[in-house]
Asks: 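Just dropping this structure here.
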Amino acid sequence: MNRWILLLIFACFSHTANAALKIDITEGVEGATPIAVIPFQWVGASKPANADVSAIISSDLARSGKFSPVAEKDLLARPQRPEDIHFKTWRIAGVDHLVLGSVQMVASGRYKIEFRLFNVYRGEQVLGYSFNATSATLRNFAHQISDLIFEKLTGLPGAFNSRIAYVTSSGKPVEYRLQVADTDGFNPQTLLKSKEPIMSPVWSPDGSKVAYVSFESGTSAIFIHDIRTADREKIASFKGVNSAPAWSPDGKTIAMTLSKDGNPDIYVFSLQNRALRRLTRHWAIDTEPAWMPDSKSLVFTSSRSGKPQLYELSLEKGGRPQRLTFEGNYNANASVSPDGKVIAFVHGANSSYKIAVLYKDTRVMQVLTDGPLDESPDFAPNGAMILYASQDRGRAILAAVSTDGRQKQRLALSDGEVREPSWAAKRH
Amino acid sequence: MKIIITKASLVALVLALFISGCAQQGTKPDSEAGAEGAAGTGTEGGASVGVIDDGGAFAGTALEGLKISYEKEAINDPQNVLSIKTIYFNFDSSEISPDDVEVIKHHGKYLALNSDARLRLEGHTDERGTREYNIALADRRAQAVKKLLLFQGASSSQITIISYGEEKPAALGHDEEAWRLNRRAELVYE
């Protein structure tokens, strides 16, 4: 049974406030570990509205689906120092872990953040750090603390202190924007505005660049865009389709779909020697390449069986691509989990398109979402969640589902439509 | 003029065809055009019938009453068969219906006879399915139209193709009707 909770995070401060994402956790908190994040003490400064560090940590942990932070109003006590914690009380309340911390202003605009994580049952500290931050980096450090807590308690690296890229469209005539934001939707920055479509943003593995397709010149072209310097490089603008860039995990190659030789096929472009190599050669549609973690093979969509299905192709061995999906008439747009064991994709049946996962070892397929127009799945860098594009009452929004399907959340723009999310492996 | 035959008119149309038999089919636009040469004009006599797709939906184009002429300005004449500039497709298909094959043949002849004419072929899909697959699918739709144009003597250098996939819908909305109108190739003379 799904329990609905609402956790509203209002993005209210940024310079492009109208383009900020609002996140709602819509269902599923069962099985999540209870944790108490005590509101941090602010010393020498009042808490800034846009950087409430403990609230950011609390909402990050909630969004992960693995934790259920105690609501601030339900906290039994607000200890300020480790010696103030009555572990027995928290134990009786069923809280497994407790986070304590403080932010001290050491100079104008400069802060020292301290935090400690306690195991309530053992009654001891299991993690503790301090950081020097500025007004501009307070939120980033809050996300970094979330990552540290997440990794300590789950064994998986956290993915909060990173960025997401996505495409928005709004207005009449339509204006398309390529934006990047923090993983909670804050700090949106527009990399590109255009009257023509922008598609398929994808991060470089180091989080410094985004590759995407832009129609700004009237035809499609693939660009690489440095998010710090705003330098752009056009890497493909051939006759016909220039589509679906996919950055290899080793950072050396970009796979893409081109139809310059007559038909949509997969190519790889070497960023080292600028060589373009054709990988598939088939009369059917071959597109949507997605890399396996070793950068040595690709999963892609092909209509060679008559309907779109997923195939895997080894770059080293070559040979015939191996078909991976057999259930249903529409399986497309793969995203591979960081450990290579799970493939997320779009599964279409009866005019309804849902996000599904395929476990490579067992070939078991599991449908995770309800559709009807879900697309563009993208694994979080730790493999715990899948970000995707969805529709809510006719409007395009982003959504995320935990890889086990238990927890879901929506990320909606206050104005306009948002789609094609991509989660960076790390913040550059 | 663009007429989409609805399901409701299907029965009437089938009946009418049954009664008239195949008599009208003898008047092919091809033969008329061929006979009258470069700037020939004529009237399409044959009623044109759509095909029933997998989903049972009826899609088709009526050519009846439209003028056939390949003069330079013919593409701007709303009474001319060349005024049909949108070709519709079934879901996940780049197959062109027999009637639309006829329409495209007229455009192919126009291009062949007007060598300075330039055509941009835009491929589109409905919103269902994945965006990048749809880019590839829309490209194939435009390529299918181009192939027919070339077959009629149009030159490859006259035609550019751009695939928009699902990015530029003609109809907004998330229902069968919007989807039907969005699965298309548009012939845009530049």
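Scope of the values below: all heavy atoms of this structure, side chains included, with no hydrogens, waters or symmetry mates. Letters A, B, ... mirror the listed sequences (proteins, then strands); counts begin at 1.
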Asks: Atom CD in Glu127(B), atom OH in Tyr353(A): separation rounded to 0.5 Å?
Replies: 10.0 Å
Asks: For a quick test of reading the model, state the closest non-hydrogen atom pair linking Pro197(A) to Lys168(B) and the distance between them.
Replies: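 Reported closest heavy-atom pair: CD-CE, 3.7 Å.
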Asks: Asp374(A) versus chain B, heavy atoms under 4.5 Å apart: side chain, backbone, both or neither?
Replies: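 Looking at Asp374(A), nothing touches chain B.
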Asks: Considering non-hydrogen atoms only, spot the tightest contact between Ile162(B) and Thr219(A) and give its length.
Replies: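 Shortest heavy-atom separation between Ile162(B) and Thr219(A) comes out as CD1-CA, 3.5 Å.
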Asks: Side chain, backbone, both or neither: which part of Ser200(A) has an atom under 4.5 Å from a heavy atom of chain B?
Replies: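 Ser200(A) touches chain B through backbone and side-chain heavy atoms alike.
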Asks: Within a reach of under 6.0 Å around NZ of Lys195(A), are more than 12 heavy atoms found that belong to other residues, nucleotides or ligands?
Replies: yes
Asks: Quick check for you: among Ile135(B), Leu172(B), Ile161(B), Asp92(B), which has the greatest number of heavy-atom pairs under 4.5 Å with chain A?
Replies: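 Most pairs with chain A among the choices: Ile135(B).
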Asks: Counting heavy-atom pairs under 4.5 Å with chain B, which one of Gly348(A), Ser303(A), Ala244(A), Ser352(A) comes out on top?
Replies: Ala244(A)
Asks: Rounded to the nearest 0.5 Å, what separation is found between the CZ atom of Arg131(B) and the CG atom of Asn333(A)?
Replies: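 Going from the CZ atom of Arg131(B) to the CG atom of Asn333(A) covers 10.5 Å.
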Asks: Between Pro308(A), Pro372(A), Ser259(A), which has the largest tally of heavy atom pairs under 4.5 Å with chain B?
Replies: Pro308(A)
Asks: Please collect all ring-ring contact (aromatic ring centres under 6.0 Å, His included) contacts where either partner lies in residues 131-160 of chain B, sequence neighbours excluded, each pair once.
Replies: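 Checked against ring-ring contact (aromatic ring centres under 6.0 Å, His included) - neighbours excluded - the pairs reaching residues 131-160 of chain B are Tyr330(A)-Tyr133(B).
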Asks: Measure distances from Tyr176(A) to the heavy atoms of chain B and classify the residue's part below 4.5 Å as side chain, backbone, both or neither.
Replies: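 For Tyr176(A), the contact with chain B is made by the side chain alone.
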Asks: Check whether Asp175(B) gets within reach of chain A through its side chain, its backbone, both or neither, counting any heavy atom under 4.5 Å.
Replies: neither
Asks: Is it the case that over 12 heavy atoms from other parts of the model lie below 6.0 angstrom from the CD atom of Glu95(B)?
Replies: no
Asks: Could you go through the side chain to side chain donor-acceptor pair (under 3.5 Å) check for Thr257(A) and Glu132(B) one step at a time?
Replies: CA-CA 9 Å; Thr257(A) 302; Glu132(B) 289 153 339; over 6 Å; no
Asks: Going through the checks in order, is the side-chain contact (heavy atoms from CB on, under 4.5 Å) test met by Trp283(A) and Arg140(B)?
Replies: CA-CA 10 Å; Trp283(A) 54 265; Arg140(B) 282 168 77 92; 4.1 Å; yes
Asks: Indicate whether the side chain of Arg128(B) and that of Ser351(A) have a donor and an acceptor atom separated by less than 3.5 Å.
Replies: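 The criterion, which ignores hydrogens and geometry beyond distance, is satisfied for Ser351(A) and Arg128(B).
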Asks: Check whether Glu166(B) gets within reach of chain A through its side chain, its backbone, both or neither, counting any heavy atom under 4.5 Å.
Replies: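 The answer is the side chain of Glu166(B).
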Asks: In Å and rounded to the nearest 0.5 Å, what is the CE to OH distance from Met199(A) to Tyr164(B)?
Replies: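 These two atoms lie 12.0 Å from each other.
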Asks: Can you give me the closest heavy-atom contact between Gly129(B) and Glu375(A), atom names plus distance?
Replies: O-OE1, 3.1 Å
Asks: Taking atom types as modelled, is there a side-chain donor on Thr130(B) or Glu288(A) under 3.5 Å from an acceptor on the other?
Replies: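 Judged by distance alone, the side chains do pair up.
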Asks: Are His174(B) and Leu373(A) close enough, and set up right, to give a side-chain contact (heavy atoms from CB on, under 4.5 Å), and what steps lead you there?
Replies: CA-CA 9 Å; His174(B) 308 286; Leu373(A) 288 167; 4.1 Å; yes
